[in-house]
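Because the structure is a prediction, the values reported are computed rather than measured. All ligand and atom numbering here is 1-based and tracks the order in the structure. In what follows, every heavy atom counts, from backbone to side chain, and hydrogens, waters and symmetry copies are set aside.
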Amino acid sequence: MRLATPTDVATLGIPGQDPRGFQILEGSAGDRAIDMTNLRRQTGLVALDYGYNNTASCESAITYLNGEKGVLLYRGYPVEELAEKSRFVEVAYLLVNGHMPNEKEREDWSMQLNRHALLHEDMRHFFSHFPDGAHPMAMLSAMVVSLSTFYPELSQNQHHVGDEAIDKAAARLLSKLRTIAAFSYKKSIGEPVVYPRHDLRYVANFLNMMFSSPVRPYEIRPEVVKALNVLFIVHADHEQNCSTSAVRLVGSARVNLYAAVAAGICALWGPLHGGANQMVIEMAEEMAAQGMSPKEKIERVKNSKGAELLYGFGHRVYKTYDPRAKIVKKACDDLFRALDVHDPLLDMLRELEERALADDFFRERHLYPNVDFYSGIIYRAIGIPKEMFTVMFALGRLPGWIAHWKEALEDPRFKLQRPRQLYVGPGLRHLAPDEVVRADRAAVLDAR
Ligand code: SDX
């Protein structure tokens with residue numbers, strides 16, 4: 001992995017201490033960082049950075065994004081170009097392996113994804129023990145961590161696991177997560193599962209497992225396959241976002257890939273992160289049910305002092321239009337035209353976007369549509385229920401999680417992640433007499 005280039009030195013002046021120099025590093029895209037790895041050892045102080053807004057947790061060669069310019073590159077390729085000219089399985093290979101697959105690599109990859117599509121039959125029975133209405137993200141995380149019981153070869157200390165085992169686990173997980181997602185949907189609607197087929201490519205196989213049934217053939221429309229490929233591609237990675245950071249942090253304890261990814265799934269579930277695509281549709285449905293106009297909604301958000309959010313808007317990094325939102329919006333228009341679909345919620349979202357972009361409240365706060373604003377409308381048009389929207393996000397994000405887990409494992413500086421804190425609790429104190437009684441009394445109670 002290429003390393004950042006040492007350039008100048010930043011000098012930190014702390015009262016009572018000699019000025020200290022800290023190396024400034026420059027990344028391959030020109031971004032710069034101050035290497036604070038030895039800050040505490042040199043100064044006795046730690047850096048406090050709520051939300052890690054100003055903290056780089058690692059050097060990474062996977063994805064570059066520029067929040068001010070709205071740039072997103074996967075291994076150097078613009079996401080716009082990949083969404084238009086590539087397919088999700090190739091982009092997954094690119095993220096995990098660092099280059100686009102040649103013809104032989106593409107065939108091997110496709111064969112591996114096919115070979116690993118089935119779940120162990122014992123795992124299929126897990127679904128029948130989840131309660132009706134179980135959220136698919138809970139099932140997804142439970143099933144993924146369970147894979148480590150069926151495929152224990154990655155459970156040992158990761159340093160001793162060769163590349164071949166990791167690549168096999170990557171292909172296995174990419175293929176099986178798609179099957180788990182479809183099975184969890186079938187469980188939620190009480191239908192029998194549909195097994196993967198070797199004659200169908202990745203996305204078509206997923207659609208067939210989701211929507212075909214013994215009594216109802218499903219026509220796999222190329223326009224739908226194209227739209228899902230685009231959606232999976234734009235979700236495939238996004239550098240150190242919340243769920244990817246969870247995968248890296250859990251992975252730093254040297255757990256196996258499945259456990260680290262299960263942690264990422266749980267982080268993605270949150271409504272401020274991957275759960276936002278479901279929240280956007282629920283927000284629009286609530287507006288429709290209450291007869292609330294986009295104009296009224298915008299005013300409510302502005303006057304709520306942060307209590308009411310315009311879901312699908314805003315981003316921790318993008319302070320301009322999320323480039324993925326533009327791609328998803330176009331995919332939405334293309335699909336609706338092809339399927340001749342009309343959804344009043346789409347009209348509502350379009351007017352919400354138009355009003356928000358023209359409103360100083362949003363502009364002053366650099367709030368623009370993010371990847372979640374239009375994705376749910378596409379899933380709705382395909383027939384995917386909103387409870388599955390974040391599962392769709394996880395299917396797309398999986399290659400990014402795997403790539404970061406693998407990159408971290410290969411980084412010699414990648415240590416157990418253990419942030420520090422600034423303690424503001426009570427000083428040293430001892431048990432008061434009546435507290436000792438309580439402790440003694442507790443011992444007596446325990447003895448009963
Ligand atoms: C994803 O990190 C990634 O890369 C994530 C992701 C990925 O691919 O992995 O891109 C996927 O998670 C996209 C984001 C999806 N989440 C949402 O759509 C939920 C709604 N958005 C907000 O929760 C919010 O915008 C965040 C959390 C996404 C980002 O918020 P920040 O950068 O922490 O900004 P902030 O919370 O400090 O807000 C700044 C101001 C505040 O107002 P003031 O206190 O200055 O008056 O903007 C306001 C906020 O109240 N604000 C919003 C808002 N988002 C921020 N007000 C209304 N609606 C919103 N959506």
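A cation-pi contact, defined as under 6.0 Å to the ring centre and within 45° of the axis, links Arg365 to Phe361. Judged by the 6.0 Å and 45° rule, Arg124 forms no cation-pi pair with Phe183.
Of the protein's non-hydrogen atoms, the one nearest atom 49 (C) of ligand 1 is Arg365 CD, 5.0 Å. Of the protein's heavy atoms, Gly306 CA, 3.9 Å lies nearest to atom 50 (O) of ligand 1.
Of the residues listed (Lys329, Lys297, Lys326), the one engaging Glu353 in a salt bridge (Lys or Arg N to Asp or Glu O under 4.0 Å) is Lys329, and it is the only one.
In summary, the atoms of ligand 1 found under 4.0 Å from a heavy atom of Leu310, numbered by their order in the structure, are 57 (C), 58 (N), 59 (C), 60 (N). Close approach of ligand 1 to Val301 is summarised as follows: ligand atoms under 4.0 Å from at least one heavy atom of the residue are 57 (C). Each of the following atoms of ligand 1 lies closer than 4.0 Å to a heavy atom of Ala276: 15 (C), 16 (N), 17 (C), 18 (O). Close approach of ligand 1 to Gly314 (heavy-atom distance below 4.0 Å) involves ligand atoms 25 (O), 28 (C).
Residue contacts with ligand 1 leave out Lys305, since none of its heavy atoms falls under 4.0 Å from the ligand.
Contacts with ligand 1 closer than 4.0 Å are made by heavy atoms of both the backbone and the side chain of Leu309.
Evaluated by nearest non-hydrogen atom to atom 2 (O) of ligand 1, the leading choice among Leu65, Asn241, Val371 is Asn241. Around atom 8 (O) of ligand 1, the closest heavy atom drawn from His235, Glu364, Arg324 belongs to Arg324. Atom 5 (C) of ligand 1 has its nearest heavy-atom neighbour, among His315, Arg316, Lys319, in His315.
The side-chain heavy atoms of Ser175 and Arg115, taken from C-beta on, include no pair separated by under 4.5 Å.
A salt bridge is defined here as a Lys NZ or Arg NE, NH1 or NH2 lying under 4.0 Å from an Asp or Glu carboxylate O, and Glu299 with Lys295 fails to meet this definition. Residues Asp334 and Lys330 are paired through a salt bridge, judged by an N-O separation under 4.0 Å between the basic side chain and the carboxylate. Taking the charged nitrogens against the carboxylate oxygens, Lys226 and Glu223 have no contact shorter than 4.0 Å, which rules out a salt bridge.
Below 30°, between 30° and 60°, or above 60°: for His315 and His238 the angle between ring planes is above 60°, a perpendicular geometry.
The N/O atoms of His273, backbone and side chain alike, include one that comes under 3.5 Å of an N/O atom in ligand 1. Here's the thing with Phe313: one of its N/O atoms is less than 3.5 angstrom from an N/O atom of ligand 1.
To the nearest 0.5 Å, the span separating CD on Glu239 from OG1 on Thr63 amounts to 8.0 Å.
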